[in-house]
Number of protein chains: 2
Amino acid sequence: MPDGSTKKPSRIQRRNRRVILDAALDVFSRHGYRGATLDQIAAEAGLSKPNILYYFDGKEDIHVTLLSQLMDTWLDPLVEMKPDGDPVEEILAYVRRKLDMARELPRESRLFAGEILQGAPRMRPELEGHLKPLFDEKCALIATWIEQGRLPPLDPRHLIFSIWATTQHYADFETQVSLLMDGESDTHASAARHLETMFRKFLSMP
Amino acid sequence: MPDGSTKKPSRIQRRNRRVILDAALDVFSRHGYRGATLDQIAAEAGLSKPNILYYFDGKEDIHVTLLSQLMDTWLDPLVEMKPDGDPVEEILAYVRRKLDMARELPRESRLFAGEILQGAPRMRPELEGHLKPLFDEKCALIATWIEQGRLPPLDPRHLIFSIWATTQHYADFETQVSLLMDGESDTHASAARHLETMFRKFLSMP
DNA sequence: GAAAATTTTTACCATTTGGTAAATCCACGA
DNA sequence: TCGTGGATTTACCAAATGGTAAAAATTTTC
């Protein structure tokens, strides 16, 4: 019993669970939850379908496991935004990390986007448990910076939304972006310059 | 033959096609293309499944028809951005229209988002035929404004991406936004103020 | 190296789902 | 009002899909 058991997982178990989750990330991020099939995941993982179900309780279990495991990685850039240092540089560094993450982990970005888009039917507990507290904490931090006169008055929540939206856009809407950016050699670099300029100007004191 | 025919559609045909498309918009935007079923659409439309297939050639036909018909509405705010008037005000008015559209037509926003997210498998021709030319035209317009010294130097393409991303975010990620904005009475109003401030500052001459 | 435990495969199954054929219903103009 | 063509329903079907049982193969343990 490789899943819910209390025993420590064997080497084979760790390897296969990892292989399955990686294949599932691929398939789920490309086709969404309903659009993905166990057969596709099995083929991508190089395992048989029943073998997949030997390691996970079912399709939903794979999806939920993926989302849970990814949540930490996903929130890490925001965790790294600390009270020390210059507020503007802290926030701009966050923007940079978030944009880098959109480039390096587009599958993860699309997986989350698809889940949220459909009302987060399988992720709401994770959102409330992990995202919400972190979000509130960082909003409070930004509010402090504003009170101290180190940032212009602004709504921290909408600032964070704008950072999420503009950075993840390059992963989630990659199809559209590359269609419209044809001829551009390095979209990521120009996007980074644009966002740096935009948010620096927005965050500068009048 | 109510679909591909050359005859003019009867009143019943127009009504039922409209009812079906509205139901399909609901279902597709909530569950994505693969997640939506003809039975769901039929139930939502108050018609039987074979009756639905009497008006459309199949599931994909409904989806493609929806996307095509919506494209014009969707691009309208950008069409309205004209060379006359102050550049900053023109762009800010565009931001406002786009945000209003996200509030008034969230289903449409999510439908497009889901389609792009999965690589636009059923919309690429529409994108190349309608979106791309309009995008290029408006980028050229913004570039002109910059050359005239009426806007600071910036990349028009990334500016438009940022406008799309920040406004559509409130529709596409509504689940997340409302979870994190609990206690806010009017998210739309505060979002409007935030985006107005942010883009006005970004577009102001140094 | 045999027994025990774990892993993988083979052969299925029930349900869902997109779609069809044909019979039936019904609105409307002559 | 009656016939006709458009509209709707009933009864299906084939393929896809999530999942299972049990045998077979493999690895691990003693």
Asker: Rounding to a whole Å, what distance do you find between A:Phe56:CZ and D:dG18:C1'?
Answerer: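 Distance, rounded to whole Å: 16 Å.
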Asker: Distance-only check: which donor-acceptor pairs under 3.5 Å involve side-chain atoms of residues 91-102 of chain B, not counting sequence neighbours?
Answerer:
residue	atom	partner	partner atom	Å
B:Tyr94	OH	B:Trp164	NE1	2.8
B:Arg97	NE	B:Pro77	O	3.4
B:Arg97	NH2	B:Pro77	O	3.0
B:Asp100	OD1	B:His188	NE2	3.2

Asker: Over how many whole Å does the gap from A:Arg34 atom CZ to D:dT17 atom P extend?
Answerer: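 Going from CZ in A:Arg34 over to P in D:dT17 covers 11 Å.
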Asker: In whole angstroms, how far is the C1' atom of C:dT17 from the CZ atom of B:Phe28?
Answerer: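 Taking CZ of B:Phe28 and C1' of C:dT17, I get 13 Å after rounding.
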Asker: Taking atom types as they are modelled, is there a donor-acceptor pair under 3.5 Å from the base of D:dG18 to the side chain of A:Lys49?
Answerer: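 Counting by modelled atom types and ignoring angles, a donor-acceptor contact under 3.5 Å is found here.
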Asker: Any idea which of C:dT17, D:dA21, D:dT8 is nearest the B:Asp39 side chain?
Answerer: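 Per side-chain heavy atoms of B:Asp39, the pick is C:dT17.
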Asker: Measure OH/B:Tyr33 against C1'/C:dT17 and give the value in whole Å, please.
Answerer: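 In whole Å, C:dT17 C1' and B:Tyr33 OH are 12 Å from each other.
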Asker: Take atom CD of B:Gln40 and atom P of C:dT16, then tell me their distance rounded to the nearest Å.
Answerer: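 For the pair B:Gln40 CD and C:dT16 P, the rounded distance is 12 Å.
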Asker: Side chain of B:Tyr54, heavy atoms from C-beta onward: which of D:dG19, D:dT8, C:dG18 has the nearest atom to it?
Answerer: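 Closest nucleotide among those given: D:dT8.
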Asker: Classify the angle between the aromatic ring planes of B:His158 and A:His194 as parallel (below 30°), tilted (30 to 60°) or perpendicular (above 60°).
Answerer: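 Because their plane-to-plane angle is under 30°, the rings of B:His158 and A:His194 count as parallel.
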Asker: Send over the distance from B:Lys59 NZ to C:dT16 C1', rounded to a whole Å.
Answerer: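 B:Lys59 atom NZ is separated from C:dT16 atom C1' by 11 Å.
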Asker: So, are A:Arg200 and A:Glu89 salt-bridged, with charged N and O less than 4.0 Å apart?
Answerer: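 Salt bridge flag = yes for A:Glu89 with A:Arg200.
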Asker: Just N and O in the side chain of A:Gln13: are any of them under 4.0 Å from OP1 or OP2 of C:dT7?
Answerer: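 It does, given that an N or O in the side chain of A:Gln13 lies less than 4.0 Å from OP1 or OP2 of C:dT7.
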Asker: For B:Thr37, which contact category applies under a 4.0 Å heavy-atom criterion: base, sugar-phosphate, or nothing?
Answerer: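 Sugar-phosphate, backbone atoms only, no base.
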Asker: Determine whether the side chains of A:Asp172 and A:Ser109 contain a donor N or O and an acceptor N or O closer than 3.5 Å.
Answerer: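 Yes, side-chain donor-acceptor contact under 3.5 Å.
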Asker: Let me know the distance between CD1 of A:Ile52 and C1' of C:dT9, rounded to the nearest Å.
Answerer: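 Taking CD1 of A:Ile52 and C1' of C:dT9, I get 14 Å after rounding.
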Asker: Side chain of A:Leu53 only, heavy atoms from C-beta on: which candidate in C:dG19, D:dT20, D:dT8 is closest?
Answerer: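 Out of C:dG19, D:dT20, D:dT8, the nucleotide with an atom closest to A:Leu53's side chain is D:dT20.
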Asker: Nearest to the side chain of A:Tyr55, which nucleotide is it out of D:dG19, C:dT7, D:dA11?
Answerer: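 Looking only at side-chain atoms, A:Tyr55 lies closest to C:dT7.
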Asker: Would you mind telling me which of C:dT6, C:dT8, D:dT9 lies closest to the side-chain atoms of B:Asn51?
Answerer: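 Nearest listed nucleotide: D:dT9.
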Asker: By nearest atom, which of the nucleotides C:dG19, D:dT10, C:dT9 is closest to the B:Pro50 side chain?
Answerer: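 Comparing C:dG19, D:dT10, C:dT9 against the side chain of B:Pro50, the answer is D:dT10.
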Asker: Base, sugar-phosphate or nothing for B:Ala36? Non-hydrogen atoms, less than 4.0 Å.
Answerer: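 Sugar-phosphate contact only - B:Ala36 comes under 4.0 Å of backbone atoms but never of a base.
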Asker: Looking only at side-chain atoms of B:Leu38, point me to the closest of C:dT17, C:dT8, C:dG19.
Answerer: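 When the side chain of B:Leu38 is considered, C:dG19 is the closest of C:dT17, C:dT8, C:dG19.
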Asker: Using atom CZ of A:Arg17 as one end and atom C1' of C:dT6 as the other, report the distance to the nearest whole Å.
Answerer: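 Taking CZ of A:Arg17 and C1' of C:dT6, I get 15 Å after rounding.
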Asker: Any idea how A:His63 and A:Phe28 line up, ring-wise: parallel (<30°), tilted (30 to 60°), or perpendicular (>60°)?
Answerer: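 A:His63 and A:Phe28: perpendicular rings.
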